[in-house]
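Sequence lines set the chain letters: A, B, ... in the order given, protein chains first and strands last, and positions in each chain run from 1.
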Protein chains: 2
Amino acid sequence: MIIRAAENIFESLIDEIMAGRMVPGEPLVEQTLAAQFGVSRTPVREALHRLEQARLAERGARRAYVVRRMAPEDLAELFEATGEVESTLAALAANRMSEIERRRLTAVLDEGDACDDPTAYSEINSRFHEIIKSGARNSILAATLDELNLRTVAWRAANFREDSRRLASSRVEHRSITQAIVAQDADATRRLMCSHVASSYMVLADILSRRAP
Amino acid sequence: MIIRAAENIFESLIDEIMAGRMVPGEPLVEQTLAAQFGVSRTPVREALHRLEQARLAERGARRAYVVRRMAPEDLAELFEATGEVESTLAALAANRMSEIERRRLTAVLDEGDACDDPTAYSEINSRFHEIIKSGARNSILAATLDELNLRTVAWRAANFREDSRRLASSRVEHRSITQAIVAQDADATRRLMCSHVASSYMVLADILSRRAP
DNA sequence: TTGTAAGGACATGTATACAAATGGAAGCTA
DNA sequence: TAGCTTCCATTTGTATACATGTCCTTACAA
């Protein structure tokens, strides 16, 4: 093996969960996975431990691993936590971003306005959030946000995509957030970002509740 | 072994780091630790991986583990992140704590005012922060705060204790925070908690910078 | 029928041996 | 001497065998 097997397996399992090919509650048996990946139990074991740390796997009966299940309340907490951390980053960014970064943010915003393809818009949306994250000048909070976002992958899996109505309001929200950042108004930025993230997740929560009541 | 060896070793290593018996940069060799704990490399290996996840260990030369070192800038980021998350929890708690919880918070505050022993005060201080953490009604953010606090253990190690001047201002700050929470003023709570945590860490940072310039 | 205890299947936990990789040191060359 | 190459020591990575623990099944008795 060129690179570490445990690392590959960890990434592969995350991909499987993200793609929805492994659903919450599905067993993750060391022996079975080892056979599938063509390695021994040892690296699989390590990958499963890492999945557990990342809260993507949990222990079921007989200490066996399963893809993590989450009650709706837990999901709500997770969404709230994500929103709060991202809002904090945005508030810090409002105070700390350079003129160049503010211009880049505005540019990405304009690019998003000119884009109608949902897939492309999703990529632009990521860039928007990335700029804010790095503008906050705190890599630890940024990493914390990444970890929280990673935990939602299993729930974003089922080919969730923001519908066009949500896309329109998302544009408006990004616009207000950007204005608050450019005005270096940290409080407004926090408030706006918080409700922006809340709205985004509301749509997802709605879909999930309709599918698994 | 009655309970899991890997778990024991993980806890033990954290204790060693907390106590300052293992200092940043010190090598953590699987073979050596295995011999010390009287087990094989396997559980030690697992414990080290967990330490790495917790950001208490890092990889040095030849992928060997060492107790994590941190540059002063990283430490500043860590303190800021901790303060922001705790402030967020406090702001949520201001909106969500029950009347009973508010009374308990006030009671702990009074207990702290009547206490002059630094060790006892430290314990009361912990209870104060615990009440706020649980009052926020978000276990994920609470766990995030715990994880961030855990990362500072190696830096709190060197029998750091708040001096009496700091203790006096800490009392005053706790009083204002409690008043803001009782008044259910989330914004004021956030602001006060943020500066409270910042002041606490300032003392530690000051000590650290004088010891290792 | 229900409660309980023994046995067994299944999955993880641990021990050990061997493989691989990484950095550094020794030695060679220009 | 500087720079390169080769080799080796050290440490982690992986494979495999065996140990342990937990739950479920089943048999038996009240």
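- Rounded to a whole Å, the CD atom of B:Glu58 is 14 Å from the P atom of D:dT12.
- The distance from the CD1 atom of A:Ile14 to the CD1 atom of A:Ile9 is 12.5 Å, given to the nearest 0.5 Å.
- The interatomic distance linking B:Phe37 (CZ) with C:dA15 (C1') rounds to 17 Å, in whole Å.
- When the C1' atom of C:dT16 is taken as reference, atom CD of B:Gln31 falls 10 Å away, rounded to whole Å.
- Taking atom CG on B:Leu33 and atom P on C:dT14, their separation rounds to 15 Å, with Å as the unit.
- Here the straight-line distance linking atom OG of A:Ser200 with atom CD of A:Glu86 works out to 9.0 Å at 0.5 Å rounding.
- Rounded to the nearest 0.5 Å, atoms CD1 (A:Ile181) and CD (A:Glu101) are 10.0 Å apart.
- A salt bridge does not link A:Arg127 with A:Glu130: every distance from a Lys NZ or Arg NE/NH1/NH2 to an Asp or Glu carboxylate oxygen is 4.0 Å or more.
- In summary, A:Glu46 and B:Arg45 engage in a salt bridge, as defined by a charged side-chain N under 4.0 Å from a carboxylate O.
- Distance, A:Arg4 CZ to D:dT12 P: 12 Å, rounded to whole Å.
- Using bins of under 30°, 30° to 60° and over 60° for the plane-to-plane angle, the ring pair B:His196/B:His174 lands in the perpendicular bin.
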Could you pull out the protein-nucleic contacts involving nucleotides 8-11 of chain C (nitrogen or oxygen on both sides, under 3.5 Å)?
from	atom 1	to	atom 2	distance (Å)
C:dC10	O4'	A:Arg62	NH1	3.1

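- End-to-end axis angle of the helix from C:dT1-D:dA30 to C:dA30-D:dT1, using five pairs per end and rounding to 10°, comes to 10°.
- At whole-Å resolution of the value, CG in A:Leu51 and P in C:dT12 are 13 Å apart.
- Using a 3.5 Å distance cut-off with no hydrogens or angles, the side chains of A:Tyr65 and A:Glu58 do not pair a donor with an acceptor.
- No hydrogens or angles considered: a donor-acceptor pair under 3.5 Å links the side chains of A:Glu77 and B:Ser139.
- Using a 4.0 Å cut-off between charged nitrogen and carboxylate oxygen, B:Arg69 and B:Asp74 do not count as a salt-bridge pair.
- Between the P atom of C:dG13 and the CD1 atom of B:Ile9 lies a distance of 13 Å, rounded to the nearest Å.
- For B:Arg96, the CZ atom sits in a packed shell: over 12 heavy atoms of surrounding residues, nucleotides or ligands are nearer than 6.0 Å.
- Proximity of residues 40-50 of chain B to DNA chain C (heavy atom under 4.0 angstrom from any strand atom) is restricted to B:Ser40, B:Arg41, B:Thr42, B:Pro43.
- In this structure, A:Arg171 satisfies the cation-pi test against A:Tyr121, with its NZ or CZ atom closer than 6.0 Å to the six-membered ring centre and inside 45 degrees of the ring normal.
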